[in-house]
Amino acid sequence: MYSVEEARDVLVAHSKVITKTTYLPLLSCLGKVLAEDARAVYDQPPFPRSPLDGYALRGEETNGASKESPKQFRVIGKIYAGQCFDGKVGAGEAVRIMTGAPIPEGANTVIRQEWTDFGEDVVEIYGQSKPFSDYCPQGEDYQAGDVLIKKGSVIDGTSIAILASLGYAQCLVYEAPRVGIISTGDEVIEPGSSMIPGKIYDSNLNYICARLLEKGCQPMFAIHAKDDPANVSDIIKKLAPECDLIITTGGVSVGEKDIMHEVEELVATKKLFWKVKIKPGAPTLSFICGETPVVCLSGNPFGAAANFELLVRPILYKMTGNPVWNMPVLHMEIQNDFKKGRCRRFLRAHYENDKVWLPEGNHASGAISSMLGCNCLVEISESAEHGVSKGDIVCVHLL
Ligand code: AMP
Ligand code: MG
């Protein structure tokens, strides 16, 4: 039986890095991985510009100006942001200018309007400004040719702003992994359908879909299938060529209706493993169908969730290089006691400020409700024979 790390390494070794790229409209690139260097074609700003509303003039001519001894300049024009001034500012001249407008040739600073009499033909100024002091030089932010965002970076809100300022309406990004999800179980019905004795609503399919969506990956398909090995095999065989990864839930244990073993016999081109040394979700099964890894998780909702996080996320990390799939591991002081058996255990938990709490509810692998608000998994090693006590330092895997 593999350890979690061994199972993860096998899965990662059988997963391919996605190299296909596509152009997407700028805002659709949020959360995607950039597949080209984002390089500036223009200086930013593309021209020296005014940081103030005031008067553009030659700073050296303002020496000694004050309220008591103002200096006068002839106003030879007026420009707003978005306009250009055609002439040149000469000795004793000024141009009325607004923030964001290009500083006219000849001028080298801007006197803020609060230090003037707002004159229209002639302006009196009451303060001095050194050349280039109140002046945004061309290329102050970045210059033509600069690489602002490197290929392989994840595009966040700030990157979107930078890409927009570079003029990108669309960007080349790596395609998202094509992930298919199948939940199995005769007892499982779709939320919204009428409750029937013996049935339960499907939470696993929705957990996995939601987690993919939360991390910016739209699932290719998400379907429920009955415990019919021929049908599940057909679905996997048909859809595997279009998927980079298939995740299933349910039917991996040792019961008569645990059909995924038969499915594996029918469709696997390579078997990878069955069972991992972990609680919950030990009976995880995995194989390759054609070229597509198929990971079959336990049907128990917390078993499916924990193994999705611990085993499936590393596959998606390898495929995308996107750190949203990485699970940082930290060490924290646990705030509860927890008794466990011999198995290596992963518990749902909540961390804050370097401390971690276990929820009070049910920790069974079949229970999902106590996972509400949890933001991590606490690992209790096999060697911690009797579990952990408040104050112990534990390994915390951030979700
Ligand atoms: P299985 O792995 O198929 O033996 O299922 C283990 C337990 O998880 C059983 O109690 C199932 O009813 C339950 N279960 C299976 N699939 C789902 C699902 N999609 N959503 C919620 N519970 C499920
Ligand atoms: Mg079942």
Side-chain angles (χ1 to χ4, degrees), residues 1-2 4 7 179-214 219-236 239 245-268 271-287 294-312 343 345-348 359 361-372 374 377 399:
M1 210 195 293
Y2 281 152
V4 173
V179 184
I181 315 162
I182 308 168
S183 68
T184 67
D186 288 346
E187 77 282 31
V188 173
I189 57 173
E190 208 181 313
S193 48
S194 308
M195 184 40 88
I196 305 167
K199 307 288 183 186
I200 55 167
Y201 289 123
D202 193 340
S203 66
N204 291 341
L205 192 69
N206 291 289
Y207 180 83
I208 295 168
C209 277
R211 290 296 283 158
L212 290 168
L213 289 170
E214 271 186 323
M220 268 265 292
F221 64 85
I223 47 181
H224 172 69
K226 287 262 152 57
D227 285 329
D228 170 2
N231 179 38
V232 175
S233 303
D234 284 350
I235 297 172
I236 293 180
L239 294 170
L245 171 67
I246 292 178
I247 306 163
T248 74
T249 71
V252 287
S253 196
V254 292
E256 282 180 24
K257 281 280 189 175
D258 283 328
I259 59 156
M260 293 311 295
H261 305 287
E262 206 177 327
V263 171
E264 180 191 55
E265 292 299 328
L266 290 168
V267 305
K271 300 182 177 189
L272 297 183
F273 59 82
W274 177 42
K275 290 189 178 169
V276 181
K277 277 188 258 174
I278 177 180
K279 189 173 175 186
T284 300
L285 166 77
S286 182
F287 55 88
V294 182
V295 185
C296 308
L297 306 172
S298 154
N300 279 308
F302 183 59
N307 283 270
F308 170 82
E309 305 294 340
L310 294 166
L311 297 178
V312 178
C343 217
R345 190 81 194 253
F346 285 84
L347 299 165
R348 63 204 88 189
N362 192 334
H363 277 274
S365 57
I368 189 72
S369 60
S370 56
M371 201 175 167
L372 189 69
C374 288
L377 297 175
L399 290 179

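Everything numeric here is computed off the predicted structure, so don't read it as measured data. As the structure lists them, so they are numbered: ligands from 1, and atoms in each ligand from 1.
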Within less than 4.0 angstrom of ligand 1, does Pro301 place any heavy atom? yes

Numbering the atoms of ligand 1 from 1, which are under 4.0 Å from a heavy atom of Val188? 16 (N), 17 (C), 18 (C), 19 (N)

Nearest heavy atoms of Thr249 and Ser298, plus distance in Å: CB-O, 3.9 Å

I need the atoms of ligand 1 closer than 4.0 Å to a non-hydrogen atom of Tyr201, numbered in the order shown. 20 (N), 21 (C)

Below 3.5 Å, N or O to N or O, backbone or side chain included: is there any such pair between Ser183 and ligand 1? no

Do Leu399 and Glu214 have side-chain heavy atoms sitting under 4.5 Å apart? no

What residues, two or more places apart in sequence or in another chain, satisfy ring pair (Phe, Tyr, Trp, His ring centres under 6.0 Å) together with Tyr207? none

Ser370 side chain to Asn362 main-chain N or O, any donor-acceptor pair under 3.5 Å? yes

Does NZ or CZ of Arg211 fall inside the cone over Phe308's six-membered ring, less than 6.0 Å from its centre and within 45° of the axis? no

Side chains of Val312 and Val179, heavy atoms from C-beta outward: is any pair under 4.5 Å? no

Report yes if some N/O of Gly251 lies less than 3.5 Å from some N/O of ligand 1; otherwise report no. yes

Should Gly299 be counted as touching ligand 1, given the test is an N or O pair under 3.5 Å? yes

Could you tell me, atom by atom, which parts of ligand 1 come under 4.0 Å of a heavy atom of Asn300? 6 (C), 7 (C), 8 (O)

Only heavy atoms of Asp258, strictly under 4.0 Å: list the atoms of ligand 1 that pass. 4 (O)

Any nitrogen or oxygen of Ser203, main chain or side chain, under 3.5 Å from a nitrogen or oxygen of ligand 1? yes

For atom 22 (N) of ligand 1, state which one of Ile200, Ile368, Ile259 supplies the nearest heavy atom. Ile200

Cut-off 3.5 Å, side chains only: do Ser183 and Asn204 have a donor facing an acceptor? no

Could you tell me whether Lys257 and Glu262 have a side-chain N and a carboxylate O separated by less than 4.0 Å? no

Of all protein heavy atoms, the one nearest atom 17 (C) of ligand 1 is Asn204 ND2, 3.2 Å

Return the residue, atom name and 0.1 Å-rounded distance of the protein heavy atom closest to atom 12 (O) of ligand 1. Glu187 OE2, 2.5 Å

For atom 19 (N) of ligand 1, closest protein heavy-atom neighbour: Asp202 OD1, 2.8 Å

Sequence neighbours excluded, which residues qualify as ring pair (Phe, Tyr, Trp, His ring centres under 6.0 Å) partners of Tyr201? none

